[in-house]
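To start, the structure under review is shown below, and the notes come after it.
Remember, it's 1-based here, ligands and their atoms both numbered in the order they're listed. Sequence positions, counted from 1, serve as the residue numbers for this chain.
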Amino acid sequence: MGIPVIPADCLNSVGEAPTAWHFSNQILNAVALVKQHPNLFLLCVSNFSCTIDAFTHALLATEMGAKPYLILEIDAHTADAGVQTRLEAFLDIAHNYRQAQASRAAPFTLCRMSASGKVTRSNGDHVPITDPRVRLYFPNFSQYHSQALAMATGWLGLHPGEVSTLDRSQLERGLQHTSGRECLPLPVCIGQLLQIHENRRGDEIVGFYMIPGGAPCVSASYTGYIQQFIADQRLPDLFLLSLQEDEGCLGSDQTEVARRLAAAILTADILVEIDHVLRVVGEPGSVDWLRDAWRHFAAAARSLDDFDAELPAFVDRLAALPRRRDPSTCPRVVVTGDFFTRFSPFFMEGVDAVYAERGIILKPVDLSDFLVYLDYYGVVETASGWGMKPGGWALAKACTRFMQSDGKRYLQKWLACQAERLIEHHYRDLFRRTGLLVAGPNEVSSLFESAAEHVSPLIYGEITPTVGKGLDADHEGYDGVILIGPFNCLPFRVSEAILRPLSVQFAMPMLSYESDGYAVSPSVLRQVDVHVHQVLDHAARRRERPTRASDSVAGFLAAAARKLH
Ligand code: SF4
């Protein structure tokens with residue numbers, strides 16, 4: 001095992017013999033020396049049921065305190081393998097103890113971002129966030145979004161870190177450092193953080209974005225958890241980044257940040273949609289072509305102006321892609337639930353291919369939908385404080401109170417939503433000429449309205465968008481819903497409890513799946529098979545519907561009646 005061993009009878013005597021027994025005194029002499037030397041540990045060999053050792057060991061335990069030691073009590077049946085295992089365990093414990101002692105001796109300072117757009121390094125130095133040594137990273141749940149966010153980071157005069165490929169090894173790595181009871185995006189983030197730390201250049205200062213959250217979603221606890229992890233692991237020059245105003249919003253004007261991030265995220269959402277459409281209608285190789293073309297395009301777009309100028313040509317290349325059928329004739333299924341799982345390639349590995357083979361297009365709910373939700377939540381919350389619903393009267397009230405904080409907040413959030421809608425319309429209209437879009441623009445107010453009948457709109461987080469999207473699926477022309485969540489996600493369970501009976505009531509085929517990040521079990525694959533058949537039936541019925549004029553009128557009247565109700 002490579003550890004030098006010193007027999008106790010070779011040690012200098014460091015005091016008076018405290019007991020009447022020779023070997024007891026030898027042990028206690030060793031104990032005194034071990035206490036003096038941090039690098040010296042005690043291994044004590046004893047005979048089974050030795051009465052004198054029983055007393056000696058009690059004294060030894062008191063003297064040793066927290067420092068680890070090993071007592072091997074040997075009898076006639078003791079086997080080598082058992083001794084070997086205990087020795088290995090003891091050496092591990094001694095090793096960990098030394099590391100913990102060393103870390104206690106040298107204080108560690110967390111790297112932080114301050115309100116003025118400055119980063120305080122672990123050594124106390126301050127550097128501006130624009131310093132080329134500062135590299136910014138976002139948790140990766142979708143390659144398109146990560147590349148888009150890296151691109152937008154560059155547009156802000158900041159320096160993006162390299163976008164690594166998303167794979168399951170990051171989850172596995174993170175699980176080694178967590179209890180396994182947290183919701184799965186946490187170990188994914190921890191795994192990615194460690195990967196970034198190990199691959200960074202020597203002088204690199206890492207900023208890792210962490211989304212704020214609120215109950216019942218536990219993402220609000222992620223920041224504190226990961227900060228503690230960074231401190232425990234003593235990872236220097238690694239700070240958590242948020243886009244909150246109190247952190248200087250990346251040292252730039254907040255509107256500029258929001259405009260650039262919105263353009264990047266919306267484009268990524270649209271490309272995810274096109275990727276799924278091409279899996280069904282594209283020629284072989286077209287998905288790889290799209291991923292490659294986008295990667296090059298994103299790397300070359302140095303500013304938002306460049307991006308906007310070059311985008312029409314990129315869209316034209318997409319429009320020219322050959323296709324086997326018209327996407328508008330394909331059945332569609334909306335995929336809702338936590339955004340890590342609905343975009344990630346491995347939380348439902350293999351399942352998306354089953355749908356694509358049967359000609360069904362999957363449409364993960366846009367990430368931008370959640371960002372608009374965050375602003376609209378501010379509108380709803382403020383209006384609710386006035387005992388009102390968002391809308392014309394609440395807007396009028398906000399205008400009369402624009403000098404007060406509540407009126408100002410309502411107007412700010414409402415304007416932010418309007419700006420996001422305009423940006424979304426702009427990019428969706430541009431990409432619509434590819435003929436590869438299957439979803440319309442997101443209507444956040446309708447989503448809140450639909451969900452509000454079943455869950456309080458004041459409950460923050462993924463529940464309202466998830467439930468709202470599930471309920472609007474029929475009206476938006478989908479033929480089925482997939483609700484996916486990571487293991488141990490409370491918003492997923494609440495959403496599932498609400499949507500499951502409603503999907504039966506409204507005859508909307510729904511599959512819900514709580515993923516542990518690993519292989520999908522055969523029983524779930526059987527449910528997938530059933531869901532595929534239900535979706536195809538639903539699509540067939542939908543195709544029949546417009547041909548019967550009386551049905552169309554009845555459907556219209558029924559929808560109108562539901563609205564009035
Ligand atoms: S939505 Fe669920 S999985 Fe995602 S952070 Fe919140 S609790 Fe965790």
Within 4.0 Å of some non-hydrogen atom of P185, the atoms of ligand 1 are 3 (S)
Under 4.0 Å from one or more heavy atoms of P486, ligand 1 contributes atoms 3 (S)
Honestly, for C489 the part within reach of ligand 1 (heavy atoms, under 4.0 Å) is both
inquiry  = Can you confirm whether E172 sits close enough to R168 that some side-chain heavy atom of one is under 4.5 Å from a side-chain heavy atom of the other?
reply    = yes
>> If the threshold is 4.0 Å, N to carboxylate O, is there a salt bridge linking D537 and R542?
In response: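 Salt bridge: no.
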Quick one: does any side-chain atom of R332 pair with a main-chain N or O of V438 as donor and acceptor, under 3.5 Å? yes
Next item on the list: Report the residues that fulfil ring pair (Phe, Tyr, Trp, His ring centres under 6.0 Å) with Y410, sequence neighbours left out, ordered by chain and then residue number.
Entry: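 Residues passing ring pair (Phe, Tyr, Trp, His ring centres under 6.0 Å) with Y410: W386.
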